[in-house]
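Encoded as structure tokens, the structure appears first; notes follow it.
One-based numbering, in listed order, for ligands and for the atoms of each.
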Amino acid sequence: MKKNINAIILAAGKGTRMKSESPKVLHKIFDKTLLGYVLDAVNKTNLVEKSYVIVGHQAENVENFVKKNYDNASTVLQMPQLGTGHAVSMVCSQLEDFVGEVIILCGDTPLIQEETLTKFIEYHRAQNSDLTVMSAIFEDPTNYGRIIRKYNEIASGNDECKSPESLSRNDVDSIVEEKDASPEQKKIKEVNAGIYCLNWQKIKPAFLQLTSNNAQGEYYLTDIISWGGKLGLNINAYTLENNEEIFGINSKLHLAQATKMLNQRIINRHLENGVTIVDTDSTWISIDTEIGADTVIYPSVYITGKNTIGKNCKIGPFAHIRGGVELGDNVKIGNFVEVKQSKIASDTNACHLTYIGDSEIGNGVNIGAGTITANYNHFTKVKSKTVIKDGASIGSNSVLVAPVEIGERANVGAGTVITKDIVDKALAVARAPMKIVENYTK
Ligand code: UD1
Ligand code: MG
């Protein structure tokens with residue numbers, strides 16, 4: 001498919017109910033921001049050339065995040081925030097001459113998946129649609145905008161849910177917000193998911209004509225539907241198969257719920273791929289973690305950030321993998337072991353009570369219980385690297401003060417504090433000689 005779509009992501013709102021100093025869209029699930037999930041889903045479709053993120057509340061922070069992480073996205077300031085339609089109109093001048101489709105999403109719906117966006121865009125194209133809105137059927141539609149269809153087959157309470165195919169038939173009349181809806185309209189269970197695909201040149205003029213003549217005194221994006229209807233444009237709704245995907249975050253409770261939903265989805269994917277997960281309820285795996293088949297994840301493991309874990313590894317119980325971690329095959333990361341920003345080659349074990357940070361560890365290394373890579377200097381704030389070569393053995397309760405390198409098949413005696421590099425095959429021991437005092441106890 002052609003890659004000439006622009007995306008607009010609405011993220012100017014305050015998120016009052018988060019009760020937080022941080023802007024809502026910068027809250028995180030695992031190590032990734034809500035906005036990051038949306039931008040990643042958009043980019044993974046491979047159909048979007050550029051994204052415009054509408055910012056307002058704490059604009060600078062959101063702008064910095066976008067600048068730092070996405071080179072095909074930029075921010076556009078909306079100040080004050082006069083509604084979702086007003087938000088989109090902020091981009092009109094930049095897209096004055098753009099010919100193609102624009103998709104619009106919200107920055108606070110992190111569970112949307114690239115496959116769904118792709119299907120949505122394909123549907124829009126197949127229908128030769130001018131404007132397609134994503135809809136969902138909710139048992140409890142409260143607070144959402146309701147989809148009003150011309151032939152209101154699914155108007156009210158007594159309908160059985162129609163299949164998605166039987167909906168979506170170029171008969172969308174308008175969207176009515178909860179606060180503007182009549183009691184009859186409030187019974188409609190098909191809601192606006194807040195994701196749109198538009199033929200930009202045809203719909204763009206609508207943004208100059210929106211009014212705020214409604215219960216909230218806002219410029220509603222949703223009014224583009226009835227605007228287009230009056231002009232006889234081809235307007236469709238694409239009904240979502242999995243409602244979970246448009247779950248919006250408005251509070252810390254929602255954030256926790258979304259984390260659980262996402263985690264479950266990720267765990268299911270790994271189970272399908274042949275990873276063994278002993279306790280799906282106490283295992284947490286971030287979206288950007290790859291895991292090879294036959295790896296076993298024991299209970300109470302927390303894996304965040306971007307990681308690659310090889311085949312046939314054993315992780316946990318009670319392990320913490322913090323991101324930037326690459327594990328080869330047959331690696332053991334045991335209980336109370338924390339690993340971050342480290343490469344560990346195949347057949348290496350760190351089975352108990354260990355911290356591995358900013359390290360590069362070879363094949364067939366054994367890291368004894370209680371080993372610490374001391375990677376951080378609190379005063380200089382500098383983090384340094386530990387290198388452990390193939391086949392080395394690190395005795396229990398050792399501290400490796402980085403930067404430091406342990407040679408191939410070198411040995412570190414238990415209880416040693418290593419402050420100098422150790423050459424291949426050497427033994428390094430630094431501990432007070434043991435004394436035995438006989439007849440010490442009377
Ligand atoms: C909106 C839709 C509603 C839909 C729902 C789905 C409108 C008028 N209503 O309602 O039909 O069912 O989403 O979740 O669009 N925002 C801005 N600038 C603004 C106002 C909002 O950027 O001036 C952003 C918010 O940060 C948020 C998004 O737009 O990310 C949606 O705004 P919100 O106020 O949550 O709209 P809803 O009332 O939920
Ligand atoms: Mg909302």
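Separation of atoms CD (Glu326) and CG (Asn307) is listed at 9.0 Å; rounding is to 0.5 Å. The CG atom of Asn366 sits 12.0 Å away from the CG atom of Asp347 when rounded to the nearest 0.5 Å.
Here the two rings, on Phe336 and His352, have centers that are 6.0 Å apart or farther.
In terms of polar-atom proximity, Gly83 is counted as a contact of ligand 1, with an N or O under 3.5 Å from an N or O of the ligand. Ligand 1 has an N or O atom lying under 3.5 Å from an N or O atom of Gly145, backbone or side chain. Distances between N or O atoms of Tyr144 and those of ligand 1 include no value under 3.5 Å. Residue contacts with ligand 1: Gly13 is placed with a nitrogen or oxygen under 3.5 Å of a nitrogen or oxygen of the ligand (distance criterion only).
Ligand-side atoms of ligand 1 in range of Leu82: 23 (O), range being under 4.0 angstrom from any heavy atom. Within ligand 1, counting atoms from 1 as listed, the ones closer than 4.0 Å to a heavy atom of Glu177 are 2 (C), 3 (C), 7 (C), 8 (C), 9 (N), 10 (O), 11 (O). Remark: ligand 1 atoms within the under-4.0 Å shell around heavy atoms of Thr222 are 7 (C), 8 (C), 9 (N), 11 (O), 15 (O). Numbered from 1 in the order shown, with element, the atoms of ligand 1 that lie under 4.0 Å from a heavy atom of Cys106 read 28 (C), 30 (O), 31 (C). Residue Ala87 approaches ligand 1 through these ligand atoms, each under 4.0 Å from one of its heavy atoms: 17 (C), 18 (N), 22 (O).
Shown here is Lys252, whose NZ atom has more than 12 heavy atoms of other residues, nucleotides or ligands within 6.0 Å.
The two residues Asn199 and Ser129 have their closest heavy-atom pair at CB-O, 4.4 Å.
A heavy-atom separation below 4.0 Å is not found between His86 and ligand 1.
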